[in-house]
Amino acid sequence: MKNRVMPPILLKGARIIDPANNKDQVGDLLIKDQKIDSIGADIQCEDAVETNLAGKWVVPGLIDMHVHLREPGFEYKETIETGTMAAAAGGFTKVACMPNTSPPNDNESITRFIIERAERAGYCKVLPVASITRGQQGRNLTEFFDLLQAGAVAFSDDGLPVTKASLMRLALEYSLNFDALIISHAEELELSVQGCMNEGKTSTKLGLKGIPNAAEDIAVFRDCCLAELTGARLHIAHVSTKGSVEIIRQAKARGVRVTAETAPHYFSLTEEAVNGYNTFAKMNPPLRTEEDRKAVIQGLRDGTLDAIATDHAPHDILSKECEFELAANGIIGLETSLPLALDVLVRQEGFSPLEVMKLMSFNPAKILNVDGGSLNPGHKADVTIIDPDFQFCYKREEIRSKAFNSPFLNKKFTGRAIATIMAGKVTFDLNGLLKAR
Amino acid sequence: MKKLKSRHILGMAHLEPEEITFILDTAESLKEILQRPIKKVPPLRGRTIVHLFFEPSTRTKLSFELAAKRLSADTVSISKGTSSVVKGETLIDTAKNIEAMKPDIIVMRHSMTGAPHLLAKHIDSAVINAGDGINEHPSQALLDLFSVREHFGRIKGLNLTIVGDIAHSRVAHSDIMAFSKMGANVTVCGPATMMPPDIESLGCRTVFDLKEALKDADIVMALRIQKERQGMALFPSEREYAQVFGLNSSIFSLLKKDCVVMHPGPINRGVEMSPEVADSNRSIILDQVTNGVAVRMALFTLLLADSREE
């Protein structure tokens with residue numbers, strides 16, 4: 001397939017949702033020479049693979065700006081190949097992977113390795129996020145220039161916070177030279193380190209030590225203050241609390257250059273999912289309360305939170321099937337992100353599909369300063385086809401990721417990506433919709 | 001009630017009031033055996049009970065072992081200073097290996113919350129939680145209920161005040177749930193640094209002033225200050241703790257005439273309880289210990305009742 005010329009793809013009669021142009025209308029879309037060729041009412045193209053998509057949505061390829069692909073170092077949890085396969089199946093054409101691998105992505109050779117591996121696998125473009133500090137040790141800055149040259153799109157010590165405020169300030173200041181993005185894993189370890197779930201009613205009931213909201217709020221506030229002080233671009237990862245949402249809202253109102261993301265589990269689950277010592281509901285930050293969940297949804301609605309990112313965190317079963325306190329943090333999310341957004345945001349909360357596509361493609365592209373999130377003719381053809389009525393059960397056997405640590409196992413969903421096209425190439429095709437006939 | 005609904009005894013959170021009463025009634029009928037000159041009866045002959053203790057314990061382990069032996073069960077005890085995980089074997093593997101030798105009941109104490117629940121998910125034997133992390137210690141709560149019922153003839157309507165480190169005490173968690181389920185009014189009191197959030201949701205009220213908390217109590221229970229479970233000192237000094245929350249002879253004038261004093265042991269004498277209180281005629285602390293054996297005999301008997309009928 002690789003060296004062959006791809007035939008044009010003509011998508012007929014679909015609901016075309018383009019967040020870049022605020023358009024949501026029925027029409028045809030032609031993909032030719034790896035690009036979006038045209039959008040119109042009745043496009044004809046003789047040699048194209050033609051598909052009738054009545055009732056289906058055609059959207060820009062989804063972008064997940066926060067995943068863990070585990071390679072190099074933890075290939076028994078996930079590889080770049082299996083992770084990107086899961087990404088394609090979830091409708092994603094770009095994912096940004098966090099640097100907490102082994103060794104961590106703190107130098108250009110690892111960055112290049114990740115990009116090359118992803119290109120070879122060919123399922124999804126991978127945008128490496130390099131670490132802020134060498135070895136994620138929280139002491140010395142990495143070589144931002146070199147890493148950006150190699151293809152890094154942002155800097156983060158994700159998995160760990162930058163505990164020293166002076167160092168965070170330094171990173172933000174240095175990022176100004178390159179207008180680079182600093183992604184903050186906002187956590188005050190002094191308050192969180194003993195806990196393993198949200199602090200509150202459920203932690204008391206289960207007899208587990210808790211992590212208070214304040215552990216996140218304080219760190220978000222600190223980093224917003226530092227972004228304000230330096231004028232640098234800050235992005236807050238995995239927002240889970242009502243307080244953080246409000247702090248970010250206020251910072252944005254003051255003109256601080258801050259953006260933020262939340263994960264599907266924070267708008268769809270609460271701490272009660274931990275009942276029964278369910279390690280598949282253990283993550284950091286932890287699942288919070290209904291009040292927080294509602295605030296996160298409100299943040300997505302009013303634009304305080306810019307993006308939905310999965311924090312896809314694959315783990316082997318040994319890391320999860322053990323005492324709750326010892327269990328690793330994190331859940332996989334690439335294949336459930338869109339179904340959850342459709343379920344909770346569109347159907348329960350009344351978000352328009354256009355709003356959701358903004359959160360899942362246009363905004364992440366803008367934050368990471370990469371192309372995507374648009375169906376403008378001439379743009380590289382990153383396109384996802386969604387069947388909003390497709391009913392399926394999320395079964396372990398059908399997960400593309402190497403891991404299956406998900407609290408949504410065996411949940412019934414309505415709506416998912418049924419085909420994904422990256423740069424004109426079909427990377428996922430659930431039912432052979434785009435097969436040349 | 002003829003048999004327990006629960007297959008395991010994991011915590012008071014999972015036991016219904018009828019089951020609790022059934023356990024206490026059974027313990028009452030079994031307690032008589034402990035007064036006999038020959039304290040052994042045959043019902044569990046040929047049964048095997050494994051005591052798996054990942055945390056040090058004197059009283060609880062001895063109590064479980066004696067309970068098993070009084071009923072003629074074979075017992076094996078395994079004590080591990082550290083969690084098996086440190087040695088490279090997972091808890092599930094350890095349990096499955098023990099299971100392969102066909103025990104009937106595994107009694108486990110573990111430093112981590114939820115460990116017995118994990119065990120119960122993976123093996124067929126009945127599991128009794130002998131204390132997991134800061135979570136629960138159901139057999140202690142049952143023996144506390146038993147001791148109170150024995151003394152007062154009832155539990156419903158009594159006022160229980162628990163004083164001390166509520167956050168790190170699995171005894172407190174189990175007792176709050178146990179006593180509130182049985183209709184007692186539970187009050188907790190202690191340093192605010194040792195109060196978990198929303199503790200009231202377990203079924204109690206919080207009072208910060210000791211005098212206030214003791215005023216109407218029928219039962220006062222002091223908890224051991226658990227130095228080993230605190231990350232950092234949660235109060236300035238033992239001296240200050242004893243001054244503010246210690247139960248000493250000065251409380252006698254505050255207590256109701258027939259109020260009794262309890263403690264799950266071991267006591268830090270002079271810290272949470274002074275000798276004058278622990279050894280006073282209000283103390284039913286040693287009754288608690290005796291009753292512990294009877295209650296554990298009841299748990300063994302009831303958990304194995306099912307298979308005995310076959």
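Letters A, B, ... are given to chains in the order of the sequence lines, protein chains preceding strands, and every chain is numbered from 1.
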Might you point out which heavy atoms bring A/G200 and B/P197 nearest each other, and give the distance in Å? N-CG, 3.7 Å
Would you name the heavy atoms of B/L118 and A/E323 that are closest together and state the gap between them? CD2-N, 3.6 Å
Can you find a side-chain donor-acceptor pair between A/Y277 and B/D132 that sits under 3.5 Å? no
Counting only heavy atoms not in [X], do more than 12 fall under 6.0 Å of its [atom1]?
{"X": "A/E291", "atom1": "CD", "answer": "no"}
{"X": "A/K402", "atom1": "NZ", "answer": "yes"}
{"X": "A/E272", "atom1": "CD", "answer": "no"}
{"X": "B/Y241", "atom1": "OH", "answer": "yes"}

Give, as side chain, backbone, both or neither, the part of B/I199 having an atom under 4.5 angstrom from any heavy atom of chain A. both
Please determine whether side-chain contact (heavy atoms from CB on, under 4.5 Å) holds for the pair B/H168 and A/K209, giving the CA-CA distance in whole Å, both sets of side-chain angles, and the decisive distance to 0.1 Å. CA-CA 9 Å; B/H168 299 89; A/K209 287 188 185 170; 4.0 Å; yes
Could you tell me which residues satisfy side-chain contact (heavy atoms from CB on, under 4.5 Å) with B/S237, sequence neighbours excluded, listed by chain and number? B/R239, B/E240
Main chain of B/D198, side chain of A/T204: is a donor-acceptor contact present, judged purely on distance under 3.5 Å? no
Which distance, rounded to the nearest 0.5 Å, do you find between the NE2 of B/H173 and the CG of A/L206? 11.0 Å
